[in-house]
Amino acid sequence: MCSRTNPRSSRTGRPRSTEADVAILEATRAALVELGWSKLTMGDVAGRAGVAKTTLYRRWANKSELVVDAVAVLFDELELPDLGSLRADVEHVVLQFAALLERPETKTALMAVVAESTRDEPLRRRIRASIVDRQKRLVLEGRVRAQQRGELPSDRDLPAVGATDDLIFDVIAGAVVHRALVSAEPVDGPWVARLSALLVGGLGAAATAGTPNA
C-alpha cells in the first residue's frame, strides 16, 4: 500500500525531511483524536512530533492545511486491485474505503475539515485538490481497465466521460460516507454488493443508451 505526503512546492528553504513529514502528520492525527479540532494547535503537534513549531510553518500555513494533508495521505492508501471484473474491483475498493473510515484518526480528521470547510473557501479548495481530485484516479483506473476487458465501450465523447467519472466518484464517496458517518450503518458485504450492482448496471445502461441504433 502506498502512503505519500503532499509537498507544498511553493515553499522555499531547506530540503524537506520525509521522516519529519511522516512524524508531523502522524502527530496531527493523534492530536485530533485526543483533543478534537477546537483544541488542536500547531504547538501541540510540533511537541508530539519532536520538531520546532517553525518547522511546521515552513510546510503548512495553518492547522487547516496541516489536517487536510494528514488525512489525505490516509486516502492515498486506497488501491484498485484487478479482480477480473469491474463489479469485483468496485466492491473491493468500497470495502477498503469503509475500513479506512472506521479508523478513529480518519473519521475525526475528515469530519473536522469538512465542517470547517463550510465557512472556509480556501480550505474547501484544498480538500478538493488534496483528497477528492487525487482519489478520482481510482475511477479512471477502473474505467480504463473495464474498457480493456470489454466491459465498457471505448471513450468517444471525452467531456461526457469526465463528467461521468466525477459522478461515479460522487456516488461512491457520498454513499459510503453517508452510511458510515451519518447514518452509522454497517458498510458490509451485502450492502456493498448492492451498491456495486446498481453502479455497474447503471454504467452498462448508459453505455447502451449512448450507442447508435441501440
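- Looking at Thr106, its side chain does come within 3.5 Å of a backbone N or O of Leu100 through a donor-acceptor pair.
- One finds the CD1 atom of Ile127 at 12.0 Å from the CG atom of Asp133 (value rounded to the nearest 0.5 Å).
- Here the side chain of Glu116 pairs no donor or acceptor atom with the backbone of Leu123 at under 3.5 angstrom.
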Could you walk me through whether Val113 and Ser64 pass side-chain contact (heavy atoms from CB on, under 4.5 Å), step by step? CA-CA 7 Å; Val113 294; Ser64 295; over 6 Å; no
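- The heavy-atom pair separating Ala49 from Ala23 by the smallest distance is CB-O, 3.8 Å.
- For the residue pair Met111 and Leu181, the shortest heavy atom distance occurs at SD-CD1, 3.7 Å.
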Working for salt bridge (Lys or Arg N to Asp or Glu O under 4.0 Å), residues Arg103 and Glu77: CA-CA 13 Å; Arg103 291 160 59 174; Glu77 296 177 2; 3.1 Å; yes
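- Within the 4.5 Å cutoff, side-chain heavy atoms of Trp37 are placed close to those of Lys63.
- Between Arg48 and Glu34, at least one side-chain N (NZ, or NE/NH1/NH2) sits under 4.0 Å from a carboxylate O, which counts as a salt bridge.
- Using a cut-off of 4.0 Å between Lys/Arg side-chain N and Asp/Glu carboxylate O, Asp21 and Arg59 are scored as salt-bridged.
- A 4.5 Å side-chain heavy-atom check between Glu26 and Val22 finds at least one atom pair inside the cut-off.
- For Lys136 (side chain) and Asp166 (main-chain N/O), no donor-acceptor pair under 3.5 Å exists by modelled atom type.
- Inter-residue side-chain proximity for Val73 and Asp69 is flagged as unmet; no heavy-atom pair is nearer than 4.5 Å.
- Panel note: side chain Gln147, backbone Pro153; a donor-acceptor pair is recorded below 3.5 Å.
- Here CD of Glu185 is found 10.5 Å from CH2 of Trp191. Values are rounded to the nearest 0.5 Å.
- Note: Ile131 CD1 to Leu110 CG = 6.5 Å, rounded to the nearest 0.5 Å.
- For the atom pair Phe169 CZ and Thr164 OG1, the distance stands at 15.0 Å (nearest 0.5 Å).
- A 4.5 Å side-chain heavy-atom check between Asp165 and Arg143 finds at least one atom pair inside the cut-off.
- Residues Gln135 and Leu78 meet the side-chain proximity criterion, which asks for heavy atoms closer than 4.5 Å.
- Salt bridge status for Arg149 with Asp89: present, with a side-chain N to carboxylate O gap under 4.0 Å.
- For Glu141, the side-chain contact (heavy atoms from CB on, under 4.5 Å) partners are Leu80, Arg137, Leu138, not counting sequence neighbours.
- Between the Thr118 side chain and the Ala115 main chain, a donor and an acceptor come within less than 3.5 Å of each other.
- In this structure, the side chain of Ser130 engages the main chain of Arg126 through a donor-acceptor pair within 3.5 Å.
- Note on Leu66 and Val33: separate hydrophobic clusters, where clusters join Ile, Leu, Val, Met, Phe, Trp and Tyr whose side-chain heavy atoms are under 4.5 Å apart, directly or indirectly.
- A pairwise comparison of heavy atoms in Ser196 and Arg87 identifies CB-CG, 4.0 Å as the closest pair.
- Under the 4.5 Å side-chain heavy-atom criterion for Ile, Leu, Val, Met, Phe, Trp and Tyr, Tyr57 and Val68 are members of the same hydrophobic cluster.
- Atom-to-atom distance recorded for Glu91:CD and Leu195:CG is 9.0 Å, nearest 0.5 angstrom.
- Side-chain atoms of Arg179 never come within 3.5 Å of backbone atoms of Ala184 as a donor-acceptor pair (strictly under, hydrogens ignored).
- In this structure, the side chains of Thr55 and Trp60 stay at 4.5 Å or more apart for every pair of heavy atoms.
- Distance alone, capped at 3.5 Å, places no donor-acceptor pair between the Asp44 side chain and the Gly47 backbone.
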Walk me through whether Phe75 and Leu101 qualify under side-chain contact (heavy atoms from CB on, under 4.5 Å). CA-CA 9 Å; Phe75 284 101; Leu101 291 179; 4.3 Å; yes
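- For the pair Leu40 and Val67, the minimum side-chain heavy-atom distance is below 4.5 Å.
- Rounding to the nearest 0.5 angstrom, the gap separating the CG atom in Leu56 from the CG atom in Asn62 is 11.0 Å.
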side-chain contact (heavy atoms from CB on, under 4.5 Å) between Arg29 and Val71, intermediate numbers included: CA-CA 8 Å; Arg29 293 189 294 268; Val71 72; 5.9 Å; no
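- With contacts defined as side-chain heavy-atom distances shorter than 4.5 Å, the pair Gln96/Glu79 qualifies.
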